[in-house]
Novice: 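Input: one structure, supplied below.
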Amino acid sequence: MPRRVVLHVDLDYFYAQCEENLNPNLRGKPVVVCVYSGRTDDSGVVSTCNYEARKYGVKAGIPIARAKKLLGTADASFRPTNRPHYAEVSDRIMETLETFGDTFEKVGIDEAYLDFTSETNGDIYRAESIAREIKQKVLEQEKISCSVGVAPNKLLAKIGSDLNKPNGLTVVRPENVRLFLGELSVDKIPGVGKRTEEKLDQLKVKTIDQLATHDVSVLHEIFGNTLGTYLYRAARGEDEEPVERREQPTQLSRIATLKRNTHNISEILPLLEDLANSAAEKLTEKTMTCKTVSILAILGDLSIHSKSRTLDSPTSDMSTIAQASKDLLEQFLQSESTATVRRVGVKLSGLSGRSGQTDISKFLR
DNA sequence: CCCTCGATCAC
DNA sequence: CCTCATATCGAGGG
């Protein structure tokens, strides 16, 4: 049985790189791709930016207004997201990636795992040269650079691809795992975000080496069984998760920002209905049904609330979904009489394919 | 075992 | 000042 060889491919600053390709004279200057919320001219956040913009401290998630301040007088370009375009580019790249490796797993618009175990018979150096081939092919085909991690499992491949960005290639050999992980900060572990990092910090755990010294029962106590076990194993570079083709998503959601905060249902309803209709339309496109309808409300204080209802029978019917959304919003506003709503969303979950149409993949995309 | 809801992550 | 979308976990109730 050869040792597993897994690749993780991460497309570099993907949205901003797509924008550079659409408009080559943007290259060399800061490019900031923004999600505008429509409240005021500059309201919204940065989705992605290129590395020129990062030099100024701009990064994903910060308010657009702050990015503008950081960039000062620099000749920067602020562009709205053009998701459909990025999805097209992504689809073509994913098609190419899929031709390499035995198993392919797309994770979001700009990431994928590939299993190379049988291709390489467990030889990680062969995998490394295939990784170079992949990088070159994607660059030639779509003018998109990417960063790749090659490792004995998904966890290490993902940490690896993140380590030398952009245009990186990181190979983690099984005998080097300790050395590779040791000094890294715990937040390099996928799944360790702000909250988990804070808790670890309280335990005086900053590096993966330090995490590895804690016994699993302590981690269970603090993080619960699942996350505790995950952290314990991750600190040792252990991960058995298979590279598996992803099936259809099991939920689908739409969210938007209101022009102004309000508790008045008639001010929210038109937007909510649009969201419900758009979500239902997408559901129908995919020839799927949903079992549960939820609404999401983000209030003036940015607290997040949800209400959900499981339907008597799965549906894709637009008016059923819209009505359920409306009922849930009414319920919510009654339960929270002082709430002022900033953003609303609709989520459809418990998705499944309609009977008699098990294989719909060839009609999609 | 199912439902509802909040929390977390990461895009 | 603070977007959008997906997945997963755990608690609490039934």
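A note on names: the letters A, B, ... follow the listed sequences, proteins ahead of strands, and every chain is numbered from 1. Keep in mind that this is a model prediction, so the values were computed, not measured. All values below come from the heavy atoms of this structure, side chains included, with hydrogens, waters and symmetry mates left out.
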Novice: Which listed nucleotide (C/dG10, C/dT3, B/dC5) is nearest to the side chain of A/T226?
Specialist: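 The closest nucleotide is C/dG10.
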
Novice: Rounded to the nearest 0.5 Å, what's the gap from CZ on A/R233 to CG on A/L155? Could you check?
Specialist: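 One finds 9.5 Å between CZ of A/R233 and CG of A/L155.
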
Novice: When you measure from the side-chain N and O atoms of A/S253 to the phosphate of C/dC4, is any distance below 4.0 Å, counting only OP1 and OP2?
Specialist: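 Checking C/dC4 against A/S253, no side-chain N or O comes under 4.0 Å of OP1 or OP2.
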
Novice: Any side-chain N or O of A/R343 below 4.0 angstrom from OP1/OP2 of C/dT3?
Specialist: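 Looking at the OP1 and OP2 atoms of C/dT3, one of them is under 4.0 Å from a side-chain N or O of A/R343.
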
Novice: For B/dC5, which nucleotide in any strand shown is its Watson-Crick or wobble partner with both distances under 3.5 Å?
Specialist: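 Per the H-bond distance test, C/dG10.
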
Novice: Report, as yes or no, whether the 6.0 Å neighbourhood of atom CZ on A/R27 holds more than 12 heavy atoms from other residues, nucleotides or ligands.
Specialist: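 Atom CZ in A/R27 is crowded, with more than 12 foreign heavy atoms closer than 6.0 Å.
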
Novice: Quick one: is A/R66 getting a side-chain N or O under 4.0 Å of the C/dC2 phosphate, OP1 or OP2?
Specialist: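 No.
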
Novice: If the cut-off is 4.0 Å, is A/R195 near the phosphate of B/dT8, judged by side-chain N/O to OP1 or OP2?
Specialist: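 It does, given that an N or O in the side chain of A/R195 lies less than 4.0 Å from OP1 or OP2 of B/dT8.
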
Novice: Tell me whether A/E175 at atom CD has more than 12 heavy atoms from other residues, nucleotides or ligands lying less than 6.0 Å away.
Specialist: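 Counting other residues, nucleotides and ligands, CD of A/E175 exceeds 12 neighbours.
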
Novice: Would you say A/T196 places a side-chain N or O within less than 4.0 Å of OP1 or OP2 belonging to B/dC9?
Specialist: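 So the side chain of A/T196 is within the cut-off, an N or O lying under 4.0 Å from OP1 or OP2 of B/dC9.
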
Novice: Is there a side-chain contact between A/S47 and the phosphate of C/dT3, meaning an N or O under 4.0 Å from OP1 or OP2?
Specialist: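 Indeed not, no polar side-chain atom of A/S47 lies that close.
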
Novice: Can you tell me whether the base of C/dC1 sits syn or anti, using the 90° cut around 0 to define syn?
Specialist: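 Nucleotide C/dC1 adopts syn.
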
Novice: So, is A/K194 near the phosphate of B/dA7, with a side-chain N or O under 4.0 Å from OP1 or OP2?
Specialist: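 No, because none of the side-chain N or O atoms of A/K194 sits under 4.0 Å from OP1 or OP2 of B/dA7.
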
